[in-house]
Amino acid sequence: MKKYNVAVVGATGLVGQMMCRVLEERNFPVDHFYPMASARSAGKEIEFAGKTYTVEETTPESFDKDIDLAIFSAGGGTSKKFAPEAAKRGVIVVDNSSCWRMDPDVPLVVPEVNPEDLKWHHNIIANPNCSTIQAMLPLKAVYDKYGIERIVYSTYQAVSGAGVQGFRDLKDGVNGVPPKKFPYPIAYNILPHIDDFLENGYTKEEMKMVNETHKILHDDNIRITATTARVPVFYGHSESINVELKKPFESVKELQDCMGSFQNVILRDDPEHNIYPMPIEAEGHDEVYVGRIRRDFSIDNGFNFWCVGDNIRKGAASNAIQIAESLVEQDLVHDQYQG
């Protein structure tokens, strides 16, 4: 099997560490491995595939090496500065920040949903927002069969989505320590506020879900609204999703079969026995769990469902590695940047 030289930028961060772990778990064919991070983290040692590596500071010259793929999880500022430097040197960048997601020249990809978009990459590919990624799998299933008129997102997002300090705020907050990441205590609380507020009253996180759904499904005509909240859970985002379809469905069983048969979607829907998706069971898994599927009697062709996924894995690291796998499968790794 052909092997590839892979860099992970932001390798010491919460998501970066998981990217390294998922590369190992999924046996991605890595030849040479290059962990990179900020100057603050440079010099640290990390383990990968049974070897010890020293983390190097990310600079433009870091990508002068023979690197095939660079997987970024180091924040938007780092991505904006260094992703073009890597791309112009022929390195394919898979970026986990929000920096490139809405750039019309950059594919925004969930591999189970729109892998064909990878064909038009110019050496930068965007990983969608964590809450968008998990919703796309079950929504793509019903979109292809029935079409979608409208989506109402309500999310209940874990603190790990805010990074290491978000995780610490919950852990410390249980003991009464004031928060450092969040504006209010997250322990025993819910914050209806993720990312900055915009002039329209929505937050950036909410508008990410709206705009990214349109781009991934290639359908700007879907009417979408969202409310995103931070809850005192360490790992695993939960979402209540209300959908209005274009075509009618005969039964809930029909929707269960449609979504449950989609790639990497697991159906957990047996109300009689209290079986439904929970973040505690999604933690550590790459699949998306769906349940609580029921008809919305207030509108024609409407239904509700509950969707859960591990935000650090499928919502970030695993989706990025799956993009790399899809690039290899489609023989797209050596496409060179054309400017």
Side-chain angles (χ1 to χ4, degrees), residues 110-113 128-161 190 194 209 213 216-217 222 224-245 247-316 318-319 322:
V110 178
E112 297 92 338
V113 176
N129 184 44
C130 49
S131 50
T132 307
I133 288 174
Q134 70 181 64
M136 285 299 95
L137 277 65
L139 286 174
K140 173 65 171 175
V142 296
Y143 179 85
D144 286 347
K145 185 170 183 178
Y146 304 96
I148 295 177
E149 287 280 0
R150 185 171 186 259
I151 301 169
V152 180
Y153 289 121
S154 301
T155 75
Y156 308 81
Q157 297 180 217
V159 295
S160 54
I190 294 176
I194 299 177
M209 295 197 72
T213 298
I216 294 167
L217 293 179
I222 303 173
I224 307 173
T225 189
T227 300
T228 59
R230 189 75 70 189
V231 298
V233 170
F234 286 114
Y235 293 104
H237 288 352
S238 301
E239 301 176 356
S240 172
I241 304 177
N242 178 271
V243 185
E244 181 183 356
L245 300 172
K247 298 177 183 178
F249 59 93
E250 291 186 5
S251 66
V252 168
K253 177 68 163 54
E254 190 178 307
L255 296 176
Q256 289 174 327
D257 291 344
C258 179
M259 290 190 283
S261 62
F262 195 81
Q263 183 183 2
N264 289 331
V265 172
I266 295 177
L267 182 69
R268 298 278 290 159
D269 199 8
D270 184 359
E272 185 177 346
H273 297 96
N274 291 334
I275 294 175
Y276 36 71
M278 296 177 290
I280 198 168
E281 70 173 343
E283 183 180 339
H285 296 276
D286 292 335
E287 295 82 9
V288 172
Y289 296 74
V290 298
R292 296 292 324 276
I293 301 168
R294 60 205 188 278
R295 189 180 293 274
D296 178 356
F297 298 108
S298 70
I299 55 171
D300 293 334
N301 308 328
F303 75 101
N304 300 284
F305 72 101
W306 185 253
C307 173
V308 176
D310 186 321
N311 55 297
I312 300 299
R313 291 189 65 103
K314 183 54 180 169
S318 298
N319 197 77
Q322 286 178 273

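These numbers come from the heavy atoms of this one structure, side chains and all, not from hydrogens, waters or symmetry mates.
Looking at every heavy atom in both residues, G161 comes nearest to H237 through CA-CE1, 4.4 Å. The heavy-atom pair separating M136 from V113 by the smallest distance is O-CG2, 3.8 Å. The shortest non-hydrogen separation linking P128 to N319 is CD-ND2, 3.8 Å. Residue R294 comes nearest to V252 through the heavy atom pair CA-CG2, 4.1 Å, listed as atom of the first residue, atom of the second, then distance. When every heavy atom of G260 is checked against every heavy atom of L267, the shortest pair comes out as CA-CB, 4.2 Å. Between A135 and E239, the shortest heavy-atom contact is CB-OE1, 3.3 Å.
Distance check, rounded to the nearest 0.5 Å: CG of L217 to OH of Y143 gives 6.0 Å. Taking CD1 of I293 as the reference point, atom SG of C258 lies at 9.0 Å (rounded to 0.5 Å). F262 contributes atom CZ, which lies 15.0 Å from atom CG of D257 (distance to the nearest 0.5 angstrom). In this structure, the separation between CD on E287 and CD on E112 is 9.5 Å, given to the nearest 0.5 Å. Put simply, CD on E250 and CG on L255 are 11.0 Å apart, with the number rounded to the nearest 0.5 Å.
With sequence neighbours left out, the ring pair (Phe, Tyr, Trp, His ring centres under 6.0 Å) criterion links F303 to F305. In this view, D270 and E272, H273, I275 satisfy the side-chain contact (heavy atoms from CB on, under 4.5 Å) rule, not counting sequence neighbours. With sequence neighbours left out, D296 forms a side-chain contact (heavy atoms from CB on, under 4.5 Å) with N242, S298, I299, N304. In this structure, K145 has no salt bridge (charged side-chain N to carboxylate O under 4.0 Å, His left out) partners at least two apart in sequence or on a different chain.
Checked by atom type and distance alone, the side chain of R230 pairs as donor or acceptor with a backbone atom of A158 at under 3.5 Å. Under a 3.5 Å cut-off, the side chain of N311 and the backbone N or O of G236 do form a donor-acceptor pair. A distance-only check finds a donor-acceptor pair linking the side chain of Q134 to the backbone of C307 [under 3.5 Å].
When side chains are defined from C-beta on, I222 does not count as touching L139, because their heavy atoms never get closer than 4.5 Å. Looking only at side-chain heavy atoms (C-beta outward), V159 and F234 come within less than 4.5 Å of each other. Here the side chains of W306 and S238 are in contact, with some heavy-atom distance below 4.5 Å. Contact check for I133 versus K314: side-chain heavy atoms found under the 4.5 Å cut-off. Counting heavy atoms from C-beta outward, T155 and M209 have side chains that approach closer than 4.5 Å. Counting only heavy atoms from C-beta outward, the side chains of K247 and N301 never approach each other to under 4.5 Å. Residues L137 and V290 have side chains not in contact (no heavy-atom distance under 4.5 Å, counting atoms from C-beta outward).
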### Task
Apply side chain to side chain contact (heavy atoms under 4.5 Å, CB included) to the pair N264 and Q322, showing each step before the final yes or no.
CA-CA 12 Å; N264 289 331; Q322 286 178 273; 3.7 Å; yes
### Task
Before giving the answer on side chain to side chain contact (heavy atoms under 4.5 Å, CB included), spell out for I312 and Y235 the whole-Å C-alpha distance, their side-chain angles and the decisive distance to 0.1 Å.
CA-CA 7 Å; I312 300 299; Y235 293 104; 3.8 Å; yes
Contacts table for residues 277-286: side-chain donor-acceptor under 3.5 angstrom, sequence neighbours left out:
unit_1 : atom_1 : unit_2 : atom_2 : d
E281   : OE1    : R268   : NE     : 3.3
E281   : OE1    : R268   : NH2    : 3.2
E281   : OE2    : R268   : NE     : 3.3
D286   : OD1    : R313   : NE     : 2.8
D286   : OD1    : R313   : NH2    : 3.3
D286   : OD1    : S318   : OG     : 2.6
D286   : OD2    : R26    : NH1    : 3.4
D286   : OD2    : R313   : NH2    : 3.4

Check residues 146-153 and write down every donor-acceptor pair under 3.5 Å in which the side-chain atom is one partner and the other belongs to a residue at least two apart or another chain.
unit_1 : atom_1 : unit_2 : atom_2 : d
Y146   : OH     : E254   : OE2    : 2.6
Y153   : OH     : T213   : OG1    : 2.9

